[in-house]
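Down below is the structure, laid out as structure tokens.
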There are 4 protein chains.
Amino acid sequence: MWMNEHRAGPVRSAAAREAILDATARLFHTVGYENLTIEGVAREAGVGKQTIYRWWRSRGALIAECLTDGRLFPLEFDVPDTGDVLADVESWLDVILSVLEAPNGTALMRSLLAAAAEDRAVGDHLGASLGVNRFLAERLSVAVRDGQLAADAPVDQLGDAILGAIIFSSLGSDTAATAQGARDLVRYLLRPA
Amino acid sequence: MWMNEHRAGPVRSAAAREAILDATARLFHTVGYENLTIEGVAREAGVGKQTIYRWWRSRGALIAECLTDGRLFPLEFDVPDTGDVLADVESWLDVILSVLEAPNGTALMRSLLAAAAEDRAVGDHLGASLGVNRFLAERLSVAVRDGQLAADAPVDQLGDAILGAIIFSSLGSDTAATAQGARDLVRYLLRPA
Amino acid sequence: MWMNEHRAGPVRSAAAREAILDATARLFHTVGYENLTIEGVAREAGVGKQTIYRWWRSRGALIAECLTDGRLFPLEFDVPDTGDVLADVESWLDVILSVLEAPNGTALMRSLLAAAAEDRAVGDHLGASLGVNRFLAERLSVAVRDGQLAADAPVDQLGDAILGAIIFSSLGSDTAATAQGARDLVRYLLRPA
Amino acid sequence: MWMNEHRAGPVRSAAAREAILDATARLFHTVGYENLTIEGVAREAGVGKQTIYRWWRSRGALIAECLTDGRLFPLEFDVPDTGDVLADVESWLDVILSVLEAPNGTALMRSLLAAAAEDRAVGDHLGASLGVNRFLAERLSVAVRDGQLAADAPVDQLGDAILGAIIFSSLGSDTAATAQGARDLVRYLLRPA
DNA sequence: TCCTAATCGAGACGGTACGTCTTGTCTTGTT
DNA sequence: AACAAGACAAGACGTACCGTCTCGATTAGGA
């Protein structure tokens, strides 16, 4: 990675930060989490190793920041509220599954999971990044208010369950089965009462 | 790990196999998956590195065999069928949560997940080991037959969802929230129609 | 090292110069030449690295200036001329050997030599600082004039030889042998004809 | 450096040892002691760093072994005894000076001295390698027995003095002056009584 | 009974990456 | 313009493991 303008100094270099996060995201997709090394990032970013260690305490912190910056998912998980829970959640699901069904999508998911399992900071931000908290649980709450879902439905847990099923399933089975299973699950959980 | 009788010869040494798997399981609990090294296992088991590489192709294969042998979970996940799905699944859930709520239980879960994410072989066996396939899906099928669950309930996916919710939740939140959330989820999903 | 009054400005700061040379000399004695770093000096002197690089081109230049300023040898190598060459040179020798026989004296000598070997500027000033040129050769010249030494005696070379013997010997042997050997050598070289 | 036959195993690889010492000697002449790094040696020798650290505790130990193996001085310092001390020592001196007067000879001498000053092991072997102990002192002893030198002449110290004068002089002056000075010194010290 | 062949513990090998340290240059804001 | 502070690219440090290999000892089963 080339840095055209070398701006060194006692204040943090924005160019270096950008190059590092960029290289991290690129390598995360290319070689996966377990083969992503700090030295590799430094090499790819055209940056000294110490510049990475100065601002991030670990490989996980690097991934976590890429996650929050949306550098690993160039997608928009927010989906409009049409009044129909099932349809809305299925829309959201389509977006999630499009990531999974993309080339190397399964590998990407496994890498994300490996990162989340090894580093608490990554785990903390993973759910948020995938839009569970931001969208899914909120949409289900509305559905409860609208009477489309039982009043005692544990909306947070249902969100975890849907995404958890996808993740767990993608650890073992093939992608197709995972995707179909997720659709069946959502259809069952959000069927009209 | 000490091997009192060193028996070299043209057939596989059962003592070495035992010592290696034993050391692997011990180190998995002690230092976690990410700090578990082949050299460390060899040292702990009092075994040459080559003896490990001869019989297992990777760190993941070692973990996978420990999983299947029940060396990482000294528990019994099978629970008797009392005729009440909710009660039975809650019994299974208690067993699962007792692992999670044990000292270092969360760390153990994260390590397992890291191993599963990095190695397909581990991922393939993880569900089975936790009793999803063996018990949960089967019990839910019986519930469908008994009319306790809707006829179109996707039992495999419900199993994935329950375990997935636990796993996903344990990546970020604290243990207590995970456990309570899992109980709420199960109670909601299996509530009498 | 603390600088109570920080005076920055368009002229060279005498306080900074002093603090830097002081810190260099202190560290030279403390950690030796090979562990003396520019960063260490800056830290110890409470000075920015650039202030060092602005005025000295290298680590060696720093040492050389300490040498010329007499900051590494707080000693007086000049010895009065009593008319007896042997006695006078033995007096000078006592001063030199008192440095060598002091605690860490050998280490100091090795550090000096390391500095001189790595940096020409240091080497150039080492002889002068130890008083070979300033005193020894001159005193021997007088002895030639007085007839105490052969007319064709190469006085510069004899000075080099005496100091060289000490230095060379202190590289390998123990201090005691070096000191006694030096005394024997001087007694032999300057014995009455 | 290529190693044609890769002979790994639980016994020390002679090929690796050879390649390492060879690379060390080559780099010592090429880049000098202060720019000689372990990584550089490993790279040049086509060897893992650990293989160096396994067998030598430091950069100095590497140099010391090269010294004793005669890899830094491909010369023969022994000179026949013709019965004439002066002539014999001048022959020895010619050999020494030919090293010094060779291209980069001064740099080589400075590097040797830097190595000796920083590492005791190197210093211990330096004198022996240059033939002071092996040849010079012994030849002077014979001269004492033959009556060519005073009976009380401290032969060891005279040896140190001659070599020390060369070394010390080569730290500051130019090569020509050093060489001529050494010849004058020897002629003076060993002049017929 | 000997011989062949596979296994064992041990550990050296060429490598890669770790996280730390220092180099010499550059920049910022202060005096 | 000089200063203290310190970020920057570069690269060496010494350590830990990787997966492959060699070694000499050990032990089974076929000749």
Side-chain angles (χ1 to χ4, degrees), chain A residues 3 6-13 15-17 19 35-40 42-43 45-55 57-59, chain B residues 3 5-13 15-16 19 35-43 45-55 57-59, chain C residues 3 5-13 15-16 35-40 42-43 45-55 57-59, chain D residues 3 6-13 15-17 19 35-40 42-43 45-55 57-59:
Chain A
M3 296 176 50
H6 173 209
R7 296 274 302 147
V11 290
R12 181 168 186 179
S13 161
R17 195 193 98 104
N35 297 118
L36 186 147
T37 67
I38 299 281
E39 289 208 334
R43 213 179 301 129
V47 138
K49 275 201 293 180
Q50 196 61 274
T51 302
I52 301 180
Y53 283 111
R54 200 183 341 264
W55 302 108
R57 59 171 55 241
S58 67
R59 200 165 57 132
Chain B
M3 295 176 53
E5 286 193 79
H6 172 209
R7 285 278 167 273
V11 291
R12 179 168 187 179
S13 159
N35 297 118
L36 186 148
T37 66
I38 299 282
E39 288 207 337
V41 171
R43 213 180 303 129
V47 139
K49 278 201 293 179
Q50 196 60 266
T51 303
I52 301 180
Y53 283 110
R54 198 181 345 261
W55 303 109
R57 59 170 53 243
S58 69
R59 197 166 59 133
Chain C
M3 295 176 53
E5 286 192 79
H6 169 209
R7 284 280 167 272
V11 292
R12 180 168 186 181
S13 162
N35 297 118
L36 186 149
T37 66
I38 300 280
E39 287 208 335
R43 213 180 302 128
V47 139
K49 275 201 298 178
Q50 194 60 7
T51 303
I52 300 180
Y53 282 110
R54 195 175 357 253
W55 302 108
R57 59 170 54 242
S58 69
R59 198 167 58 135
Chain D
M3 296 176 52
H6 175 208
R7 295 277 299 149
V11 290
R12 182 167 185 179
S13 160
R17 197 195 96 104
N35 297 117
L36 186 149
T37 66
I38 300 280
E39 288 209 335
R43 215 179 299 128
V47 139
K49 275 203 290 181
Q50 198 62 265
T51 302
I52 301 181
Y53 283 110
R54 198 174 356 251
W55 301 109
R57 59 170 54 240
S58 68
R59 199 167 56 131

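Below, chains carry the letters A, B, ... as their sequence lines are ordered, and counting in each starts from 1.
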ask   = With respect to the side chain of Arg54(D), which nucleotide from dT20(F), dC13(E), dT7(E) is positioned closest?
value = dC13(E)
query = For the residue pair Ala42(D) and Gly48(D), what are the closest heavy atoms and their distance?
reply = CB-C, 4.3 Å
key: Which atom of Val41(B) lies closest to which atom of Leu36(B), heavy atoms considered   = CG2-CD2, 4.0 Å
key: N or O in side chain of Trp55(D) less than 4.0 angstrom from dC13(E) OP1/OP2   = yes
remark   = Ile38(D) and Ile52(D) have their tightest heavy-atom pair at O-CD1, 3.8 Å
task = Specify the residue among Arg57(B) and Gly40(D) whose closest nucleotide of DNA chain F lies further upstream toward the 5′ end.
result = Gly40(D)
request  = For residues Ala45(B) and Ala19(B), report the shortest heavy-atom separation together with the two atoms involved.
outcome  = CB-O, 3.5 Å
inquiry  = When the axes are fitted on five pairs at both termini, how much does the helix from dT1(E)-dA31(F) to dT31(E)-dA1(F) curve, in 10° steps?
reply    = 10°
query = Has Thr51(D) got a side-chain N or O lying under 4.0 Å from the OP1 or OP2 atom of dG14(E)?
reply = yes
message = At less than 4.0 Å, is any side-chain N or O atom of Arg12(B) found next to OP1 or OP2 of dA6(E)? Yes or no.
response = no
task = Starting at atom CD1 of Ile52(A), determine the distance to atom C1' of dC18(E), rounded to an integer number of angstrom.
result = 13 Å
Out of dG11(E), dT7(E), dA12(F), whichever nucleotide has its closest atom nearest the side chain of Gln50(B) = dG11(E)
ask   = Which residue lies toward the 5' end of DNA chain E, Asn35(C) or Lys49(D), if each is placed at its nearest nucleotide?
value = Lys49(D)
query = Whole-Å distance between dA5(F) P and Ile38(C) CD1?
reply = 17 Å
key: Nucleotide nearest Ser13(D) (side chain, heavy atoms from C-beta), chosen from dC13(E), dG14(F), dG24(E)   = dC13(E)
key: Phosphate OP1/OP2 of dC17(F) contacted by Arg43(B) side-chain N/O (<4.0 Å)   = yes
task = Write down the distance between OH (Tyr53(A)) and P (dA17(E)), rounded to a whole number of angstrom.
result = 11 Å
task = Using heavy atoms to find the nearest nucleotide of DNA chain E for Arg59(C) and Thr37(A) separately, return the residue whose nucleotide is more 5′.
result = Thr37(A)
ask   = Quick one: are Arg12(B) and Trp55(B) in side-chain contact, heavy atoms under 4.5 Å?
value = yes
task = Take the protein atom CZ of Arg17(A) and the nucleotide atom P of dC8(F), then report the distance between them rounded to whole Å.
result = 12 Å
message = Among residues at least two apart in sequence or on other chains, which ones pass side-chain hydrogen bond (donor to acceptor under 3.5 Å, both in side chains) with Glu39(D)?
response = Lys49(D)
ask   = Of all the choices, dG9(E), dG11(E), dC17(F), which nucleotide is nearest to the side chain of Glu39(B) once you look at every atom?
value = dC17(F)
key: Partner set under salt bridge (charged side-chain N to carboxylate O under 4.0 Å, His left out) for Arg59(C), not counting sequence neighbours   = Glu118(C)
query = From the list dG6(F), dG19(E), dA5(E), which nucleotide is the closest neighbour of the side chain of Pro10(B)?
reply = dA5(E)
